[in-house]
Amino acid sequence: MGTRVTAALLAAALAGMTAPVAAQGTAPPTWRWSVANVTRVESWRFFEPPPSGGDPTYAFAANRLRVGLAGTWPRVDLQAVGQYVQFGGLPARAAGPGALGTGALYFSHSGETASRGIYLRALNVRARLPRGVSLQAGRFGYASGNEAGSGVPRIDGLKRARIDSRLIGEFEWSLYQRTFDGARLDVDRRRWHATSAWLRPTQGGFEEDAGSSLSEVDVFAGTLVLRPGAGLPRTDVSLFAYRYRDTRPVAARPDNTGRGAARVNVGVTTFGASAVGAAPAGAGDVDWLAWFAAQTGDWYGQDHGAYSLALEAGYQWKARWQPWVRVGYLDASGDDDPADDRHGTFFPMLPTVRKYAMTTAYATMNLRDLFAELSVRPSPRVTARGDARRLRLSSARDLWYGGSGATQRRGTFFGYAGRRSGGSADLGTAVQGALDVRLSPRWSANAFLGVIRAGRAVEATFAGRTLRFFYLESVVQW
């Protein structure tokens, strides 16, 4: 289904662009190959389950090879990308209660310890029309919150790190990832940029059949970016609205009602705004970020109303090692009453959740996350980062959620799942660190270690109080 949708969109786009290309004469296109290979080893020691539970301690290895071809004409770009993923040593007994880490999710989707998949990651055409208008159609990536740059490198870096993919993303860190079939229209001006899109996600994430389109999931997106100087000085402002509709034949209902469902019935509209800024201050640069989203709609026949708010600020010194200190707070609403006819848990749709939950053990739903972070650059090739987080549930009567959005067309896994909180809002404290090293212009390595000390909400389900997650990764690009 996904391949047919992509082919139809691509054919329609190419038909509409034939005349403009022909009018440009016989200028030859510019072709460029790209290859990227990621090798990763993950080690998990999830919270120790009760005696009847699964095995929380395991390690596995995986490799992702991506090969791309891009063609560029004076006004048309063509992109094709294929991807092959191979796992080894996935855990067969790391489930109960729920999935005990990402290895368990990969195994549960494929049923194999050596899950593998080859699929079409991208196939799209983009026409760059007069007056800053562009049209893209086919299979392509999309990240909410980063539809257009500000023109200020520091602000754009913040947007990529802290706004990008909060609601719609490519699930980049998962080995299979996620992509979208659809169409996108952009209008770019010096002071503003507008984007509208229709998107249909592929399975991806933990699913080895990553190239299949989720034909019962549709997302409509509209954003307006006001660049610095178009309203607020030194600040990039974005306004956004998204509509998510999901009717998959998936027998799961991730909420606190305890009710079952034969299929998904979710229609949620999200609208909000963000502001990201940076400016020189004293011996360095100060930065700030505010992001807010409100939701309305229908959740399995219930009225849905929810919100999420993020506030962050930082300061980076122009000194040796360039120390950068940041603090922030996230509040994603939960549901206070499982017995009423209203659903109040914030639904982040299709995010890349690991950008905002590095250990991947929780989702940005029913969550309050207070953090402090320090990053340094001992050399141009080395970056180190560490942070501490105090994690609480917004509502003790709601669940502790995990996941990153839809990954299966049918079955029993929605893409989010919840565990009971035992009537406590105390999720725990996380301490984590990452190290990135550029070994050569084409080769880099990175490592991550995260530890969560459980609160009472975790103790309601698990016997152990400590989670440890470590990975080591090699990235080679040509």
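In this text the structure is predicted, and so the values were computed from the model without any measurement.
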Pair Asp156, Ser150: side-chain N/O donor-acceptor within cut-off below 3.5 Å: yes

Point-to-point distance, once rounded to the nearest 0.5 Å, from CG of Asn366 to OH of Tyr401: 6.5 Å

Between Asp426 and Ser424, a side-chain donor and acceptor under 3.5 Å: no

Any pair counted as salt bridge (charged side-chain N to carboxylate O under 4.0 Å, His left out), so long as it reaches residues 214-223, sequence neighbours left out: Arg200-Asp218

Donor + acceptor pair across side chains of Tyr84, Asn63 (<3.5 Å): no

CA sep, side-chain torsions, deciding dist, call: Asp209, Arg409, salt bridge (Lys or Arg N to Asp or Glu O under 4.0 Å): CA-CA 10 Å; Asp209 185 13; Arg409 288 179 296 172; 3.7 Å; yes

Tyr106 ring center within less than 6.0 Å of Phe206 ring center: yes

Pairs involving residues 242-270, ordered by first then second residue, that meet ring-ring contact (aromatic ring centres under 6.0 Å, His included) (sequence neighbours left out): Phe240-Tyr242, Tyr244-Phe347

Trace of the side chain to side chain donor-acceptor pair (under 3.5 Å) decision for Gln177 with Gln83: CA-CA 10 Å; Gln177 303 183 309; Gln83 194 157 280; 3.2 Å; yes

Arg248: side-chain hydrogen bond (donor to acceptor under 3.5 Å, both in side chains) partners, not counting sequence neighbours: Asp246

Qualifying side-chain hydrogen bond (donor to acceptor under 3.5 Å, both in side chains) pairs with a residue from residues 353-365, counting only residues at least two apart or across chains: Asp164-Lys355

Lys/Arg cation over aromatic Trp288: Arg234, 6.0 Å, 45° cone: no

Partners meeting side-chain hydrogen bond (donor to acceptor under 3.5 Å, both in side chains) with Trp324 (sequence neighbours left out): Asp287

CZ on Phe220 to OG1 on Thr269, rounded to 0.5 Å: 11.0 Å

Check: Leu105 main-chain N/O paired with Ser108 side-chain donor or acceptor under 3.5 Å: yes

Tyr58 side, atom OH; Leu90 side, atom CG - distance, nearest 0.5 Å: 8.5 Å

No-hydrogen, no-angle side-chain donor-acceptor test under 3.5 Å, Asp331 and Ser394: yes

Worked verdict on Trp173 versus Val353 for side-chain contact (heavy atoms from CB on, under 4.5 Å): CA-CA 9 Å; Trp173 189 80; Val353 74; over 6 Å; no

Non-neighbouring partners of Asn256 that pass side-chain hydrogen bond (donor to acceptor under 3.5 Å, both in side chains), sequence neighbours left out: Asp335

Where at least one partner belongs to residues 374-383, residue pairs that pass salt bridge (charged side-chain N to carboxylate O under 4.0 Å, His left out), sequence neighbours excluded: none

Check: Tyr119/Glu208 side-chain N/O donor and acceptor closer than 3.5 Å: no

Distance (rounded to the nearest 0.5 Å) between Ile118 CD1 and Gln86 CD: 11.0 Å

Phe171 CZ to Glu207 CD distance, which is reported to the nearest 0.5 Å: 12.0 Å

Parallel, tilted or perpendicular: rings of Phe414 and Trp299 (30°, 60°): tilted

Salt bridge (charged side-chain N to carboxylate O under 4.0 Å, His left out) pairs, two or more places apart, involving residues 165-179: Arg121-Glu170, Arg166-Glu312

Between Phe46 and Phe462, ring centroids under 6.0 Å: yes

Asp236 CG to Lys159 NZ distance, which is reported to the nearest 0.5 Å: 3.5 Å

Leu167 backbone acceptor or donor facing Ser144 side chain under 3.5 Å: yes

Ser404 side chain to Pro351 backbone, donor-acceptor under 3.5 Å: yes

Under 3.5 Å side-chain donor-acceptor pair for Trp44 and Thr102: yes

Tyr176 and Phe87 aromatic ring geometry - parallel, tilted or perpendicular at 30°/60° bounds: tilted

side-chain hydrogen bond (donor to acceptor under 3.5 Å, both in side chains) involving Gln477 - partner list, sequence neighbours excluded: none

Verdict with reasoning, Thr195 to Tyr142, per side-chain contact (heavy atoms from CB on, under 4.5 Å): CA-CA 11 Å; Thr195 301; Tyr142 189 94; 4.1 Å; yes

Flag for Arg154-Gln316: side-chain donor and acceptor within less than 3.5 Å: yes

Modelled atom types, side-chain donor and acceptor of Gln302 and Arg342, under 3.5 Å: no

Basic-acidic side-chain contact under 4.0 Å: Asp336, Arg397: no

Salt bridge (Lys or Arg N to Asp or Glu O under 4.0 Å) evaluation trace for Arg385 with Asp387: CA-CA 7 Å; Arg385 189 190 103 181; Asp387 64 49; 3.2 Å; yes

Derivation of the side-chain contact (heavy atoms from CB on, under 4.5 Å) call for Leu393 and Asp398: CA-CA 8 Å; Leu393 303 181; Asp398 203 349; over 6 Å; no

Stepwise side-chain contact (heavy atoms from CB on, under 4.5 Å) test for Thr407 and His109: CA-CA 9 Å; Thr407 59; His109 278 67; 3.0 Å; yes

Partners meeting side chain to side chain contact (heavy atoms under 4.5 Å, CB included) with Ala161 (sequence neighbours left out): none

Check: Thr296/His304 side-chain N/O donor and acceptor closer than 3.5 Å: no

Salt bridge (charged side-chain N to carboxylate O under 4.0 Å, His left out): pairs with one or both residues in residues 436-461, sequence neighbours excluded: Glu459-Arg465

Pairs flagged by ring-ring contact (aromatic ring centres under 6.0 Å, His included) wherever residues 423-453 is involved - sequence neighbours left out: Phe448-Phe469, Phe448-Tyr471

Cation-pi check, Arg389 onto Phe371 ring (under 6.0 Å, within 45° of axis): yes

Chi angles and distances behind the side chain to side chain donor-acceptor pair (under 3.5 Å) call for Asn446, Arg40: CA-CA 9 Å; Asn446 57 83; Arg40 184 188 302 155; over 6 Å; no

Side chains of Ile168 and Leu199 in contact at under 4.5 Å (non-hydrogen atoms): yes

Side-chain donor or acceptor of Tyr300 paired with backbone N/O of Gly260 under 3.5 Å: no

Exam field: side chain Ser333 to backbone Gly344, donor-acceptor pair closer than 3.5 Å: yes

